[in-house]
Amino acid sequence: MLNDVKVIICGKEYKIRTSESPNYVFALARTLETKINEISSGSGSSPYSAAIMVALSLLDDLNKANQHLDSIRDQSKEYVDEAGKSRIERDAALKEIEVLKSKIVQLENLVKLKQLKDSI
């Protein structure tokens with residue numbers, strides 16, 4: 001369901017249609033206005049120029065977050081691949097153990113047979 005939300009940023013009203021809750025949108029608007037005011041009051045620039053600077057800063061943050069996310073995805077894929085290889089190695093080792101147990105049983109039987117032969 002889409003919500004129609006009106007927010008005021010730097011004295012100008014904006015109507016936003018969004019699936020987000022109004023409280024969430026209001027919080028975003030307050031945060032944006034705070035950032036714009038910090039930049040415009042610190043540098044004496046217009047709210048428009050400050051908004052451009054905020055947008056550039058947020059895009060930089062988004063870009064870095066996406067790069068970090070890509071790195072985490074790559075690392076996760078490596079972990080999954082390593083886990084798969086380890087599982088294959090474990091399965092091969094378990095099969096080898098079964099083969100060796102079978103050989104031990106055969107050898108024990110041969111030893112018992114030889115002992116019986118020697119005792120006769």
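None of the values given here were measured: they were computed from a predicted structure.
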Query raised in the report: Where the side chain of T34 meets the backbone of R30, is there a donor-acceptor pair that is under 3.5 Å apart?
Result: yes
Query raised in the report: Can you name the side chain to side chain contact (heavy atoms under 4.5 Å, CB included) partners of N23, sequence neighbours left out?
Result: S21, F26
Report summary line: Sorted by chain and residue number, the salt bridge (charged side-chain N to carboxylate O under 4.0 Å, His left out) partners of K114 (sequence neighbours excluded) come out as D118
Requested in this report: Quick one: name the residues clustered hydrophobically with Y24, using the 4.5 Å side-chain heavy-atom rule over I, L, V, M, F, W, Y, and just say none if it's on its own.
Outcome: L28
Query raised in the report: Atom CG of N66 and atom CG of D70: how far apart are they, to the nearest 0.5 Å?
Result: 6.5 Å
Query raised in the report: How would you list all residue pairs meeting salt bridge (charged side-chain N to carboxylate O under 4.0 Å, His left out) that involve residues 43-59, not counting sequence neighbours?
Result: none
In a table with atom names and distances, give each donor-acceptor pair under 3.5 Å that connects a side chain of residues 4-13 to protein atoms at least two apart or in another chain.
unit_1, atom_1, unit_2, atom_2, d
D4, OD1, R17, NE, 2.8
D4, OD1, R17, NH2, 3.2
D4, OD2, R17, NH2, 3.2

Quick one: side chains of residues 38-54, donor-acceptor pairs under 3.5 Å with protein atoms, not counting sequence neighbours, listed by atom name and distance.
unit_1, atom_1, unit_2, atom_2, d
S40, OG, I36, O, 3.0
S40, OG, N37, O, 3.4
S41, OG, N37, O, 2.8
S41, OG, E38, O, 3.3
S43, OG, I39, O, 2.8
S43, OG, S45, N, 3.4
S43, OG, S45, OG, 2.9
S46, OG, Y48, N, 3.4
S46, OG, S49, N, 3.1
S46, OG, S49, OG, 3.3

Query raised in the report: Does any pair with a residue in residues 80-92 pass salt bridge (charged side-chain N to carboxylate O under 4.0 Å, His left out), and if so which ones, sequence neighbours excluded?
Result: K77-D81
Requested in this report: If a pair satisfies salt bridge (charged side-chain N to carboxylate O under 4.0 Å, His left out) and one of its residues is in residues 47-66, list it, with sequence neighbours excluded.
Outcome: D60-K64
Requested in this report: Could you pull out all residues at least two apart from K103 that satisfy salt bridge (charged side-chain N to carboxylate O under 4.0 Å, His left out)?
Outcome: none
Requested in this report: Give me the other members of the hydrophobic cluster that L69 sits in, counting Ile, Leu, Val, Met, Phe, Trp and Tyr linked by side-chain heavy atoms under 4.5 Å, directly or via other members.
Outcome: none
Report summary line: Sequence neighbours excluded, the answer for side chain to side chain contact (heavy atoms under 4.5 Å, CB included) partners of Q75 is Y79
Query - E98 backbone acceptor or donor facing S102 side chain under 3.5 Å - result: no
Query raised in the report: Which residues satisfy the side chain to side chain contact (heavy atoms under 4.5 Å, CB included) test with I72, sequence neighbours excluded?
Result: H68, S76
Report summary line: Between the CG atom in L116 and the CG atom in N109, the distance rounded to the nearest 0.5 Å is 10.5 Å
